[in-house]
2 protein chains.
Amino acid sequence: MPIIAVKTLERLILYRRQLLALFSEGKRFVFSHDLAAISGSTSAKVRRDLMEIGYSGSTVRGYEIKSLIRSLGDFIDASKPLSVILVGAGDLGKAIISYFLERREKLVIAAAFDPDAGKTDGLIRGCPCFHTDRMQSFIRENDIQVAILAVPAGEARAAAAALAEAGITGILNYAPVRLELPDTVYVENRDMCMALEKTAFYARASRERVTMREGFS
Amino acid sequence: MPIIAVKTLERLILYRRQLLALFSEGKRFVFSHDLAAISGSTSAKVRRDLMEIGYSGSTVRGYEIKSLIRSLGDFIDASKPLSVILVGAGDLGKAIISYFLERREKLVIAAAFDPDAGKTDGLIRGCPCFHTDRMQSFIRENDIQVAILAVPAGEARAAAAALAEAGITGILNYAPVRLELPDTVYVENRDMCMALEKTAFYARASRERVTMREGFS
DNA sequence: TATTGGTTGTGATATTTTTCACAGCGCTAT
DNA sequence: ATAGCGCTGTGAAAAATATCACAACCAATA
Ligand SMILES: NC(=O)c1ccc[n+]([C@@H]2O[C@H](COP(=O)([O-])OP(=O)(O)OC[C@H]3O[C@@H](n4cnc5c(N)ncnc54)[C@H](O)[C@@H]3O)[C@@H](O)[C@H]2O)c1
Ligand SMILES: NC(=O)c1ccc[n+]([C@@H]2O[C@H](COP(=O)([O-])OP(=O)(O)OC[C@H]3O[C@@H](n4cnc5c(N)ncnc54)[C@H](O)[C@@H]3O)[C@@H](O)[C@H]2O)c1
């Protein structure tokens, strides 16, 4: 039912990044197997993924990087540059703001919101930070669709509900909490504990594999 | 070929978290459909996932939470509590340290490493922070397997290579860079830009879906 | 004791995603 | 010309993952 598979979208986003790097290195064309190699994919997958967005290359030169980047952008990005808001200007929130300042992408953090009086109505590294009271009206007035949620776990559900009520349709959630929201809101969970547990699991598996191999040699 | 599917592992980790919450609420038994509801899964998937780790419940009471948590732990966790190191004590790194201080999990950050003289040989919120020079010997002496990588993009490749050389088998990578490492090292990428682009994409899709539905009603 | 009701564990089936493999193409070199 | 090469686009097969659906189970109840 979804127009495109999640995994395909992730790869498309990755391809675009790698293509931008290639382009800035002066490359103008790329073959599916090269793009695969630098993206950790396979040539067949690359070709299939690009087929998905209706892009065609040449059998002789491969894909023209510039136009492919444009096609990927047409597919991935919104027509207008997208504003997002940050909810929760704690340690993580501040790190996110400073991270986004460096990068000049299509995605910009329009404002941050935090109930803590010490931080409100000021600027965090150039990004305006308002009191949470003003969050919903800001979303409505500026037609914000996406929010990054970096509030304490105990606050996450309530904050997410407020976001959904104000019309947000996508939440990037850093709190280790499952948000239960109407399915009009897309939630992407970035749970650090989960990521670390997963990494630890495969680290262990990897080490055991190596140990086993040594046993054979 | 992998002993367990990635997605299954992710769900198992999630189940455990939800079960811990249920247990602390005083619940002692849970049915597959309840666990599914709070984990965003389905009852069939829950049952299959638990089958995967060889856990059995009762048809009458469901699963006994305490023993299920134990079984999940046996499967997911290492036998000893696992130490991880943090590489790069910048904004993100510091946020990660303070995050892990709050939580008392099986996973502990043993030390941080940063080449910046202003931070070295000191403590960051109680976590020892050493100069990068000492990183490899620390890994070897303490038999560290897992590292969290939060260095600037330009440094990521070199830092990852150093980690791999010292024997790290799992890297949780926050830099927006694809690491090319021998396949003895498991790499989990947590690319924030990718996450945000993905969220924005589905936010847009969701909004369009809603708009379309309104058109029908 | 027999019936009911609601659950698990799991074969069987359906769907999704990946991989295979090759026809067909356009450039190059002869 | 035309043969050869190495690539793309894609149908078809395979593999991975999710879903269905039901026998077997057991406590509660009549
Ligand atoms: N620090 C990390 O590296 C890290 C990593 C992964 C996940 N997380 C999660 O991200 C969240 C934030 O982490 P942190 O370390 O920045 O915590 P923090 O306590 O430093 O910051 C949380 C901020 O949210 C604000 N806040 C509280 N309620 C709010 C509300 N209703 N609306 C808006 N803002 C509100 C607080 O005033 C505070 O400034 C937590 O849920 C944490 O579990 C953190
Ligand atoms: N800040 C965020 O929220 C955020 C989010 C996603 C991804 N990232 C990525 O995470 C990384 C770190 O982000 P940040 O905001 O903390 O950057 P930062 O510049 O604040 O911190 C980077 C730290 O790494 C240290 N460092 C440099 N080279 C090193 C090396 N070889 N070994 C160990 N440490 C080294 C620096 O001294 C600095 O303290 C970047 O790659 C960034 O793109 C950051």
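Per chain, numbering begins at 1; letters A, B, ... match sequence-line order.
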(request) Take the protein atom CG of B:Leu9 and the nucleotide atom C1' of D:dT17, then report the distance between them rounded to whole Å. (result) 15 Å

(request) Verify, without hydrogens or angle tests, whether B:Asp34 (side chain) and B:Val30 (backbone) share a donor-acceptor contact under 3.5 angstrom. (result) no

(request) Give the rounded distance in Å between these two atoms: CD of B:Glu64 and C1' of C:dT7. (result) 16 Å

(request) Applying salt bridge (charged side-chain N to carboxylate O under 4.0 Å, His left out), name anything that partners B:Arg125, two or more places apart in sequence or on another chain. (result) A:Asp91

(request) Take the protein atom CD of B:Glu52 and the nucleotide atom P of D:dT19, then report the distance between them rounded to whole Å. (result) 15 Å

(request) Figure out the NZ/P separation between A:Lys7 and D:dA15, and round it to whole Å. (result) 17 Å

(request) Find the distance B:Ile4:CD1 to D:dA15:C1' and express it as a whole number of Å. (result) 17 Å

Please list each protein N or O that sits under 3.5 Å from an N or O in nucleotides 4-10 of chain D, with the distance.
residue	atom	partner	partner atom	Å
D:dC7	O4'	A:Thr59	O	3.3
D:dT8	OP1	A:Ser32	N	2.9
D:dT8	OP2	A:Ser32	OG	2.6
D:dG9	OP1	A:Ser56	OG	3.2
D:dG9	OP1	A:Gly57	N	2.5
D:dG9	OP2	A:Tyr63	OH	2.8
D:dG9	N7	A:Arg47	NE	2.7
D:dG9	O6	A:Arg47	NH2	3.0

(request) Measure the shortest side-chain to side-chain distance between A:Ile171 and B:Thr199 over non-hydrogen atoms and say whether it is less than 4.5 angstrom. (result) no

(message) Ring centroids only, cut at 6.0 angstrom: are B:Phe201 and A:Phe75 within range, meaning strictly under it?
(response) yes

(request) Round to the nearest Å and state the distance from B:Phe29 atom CZ to C:dT8 atom C1'. (result) 14 Å

(request) Could you state the atom-to-atom distance from CG of B:Leu12 to C1' of D:dT17 in whole Å? (result) 14 Å

(message) If you compare every side-chain N and O of B:Lys45 against the phosphate oxygens of D:dT19 (OP1, OP2), does one of them come in below 4.0 Å?
(response) yes

(message) Would you compute the distance between atom CD1 of B:Ile85 and atom CG of B:Leu163 and round it to the nearest 0.5 angstrom?
(response) 5.5 Å

(message) Does the Lys NZ or Arg CZ of B:Arg190 fall within the cation-pi geometry relative to B:Tyr174 - under 6.0 Å from the ring centre and within 45° of the axis?
(response) no

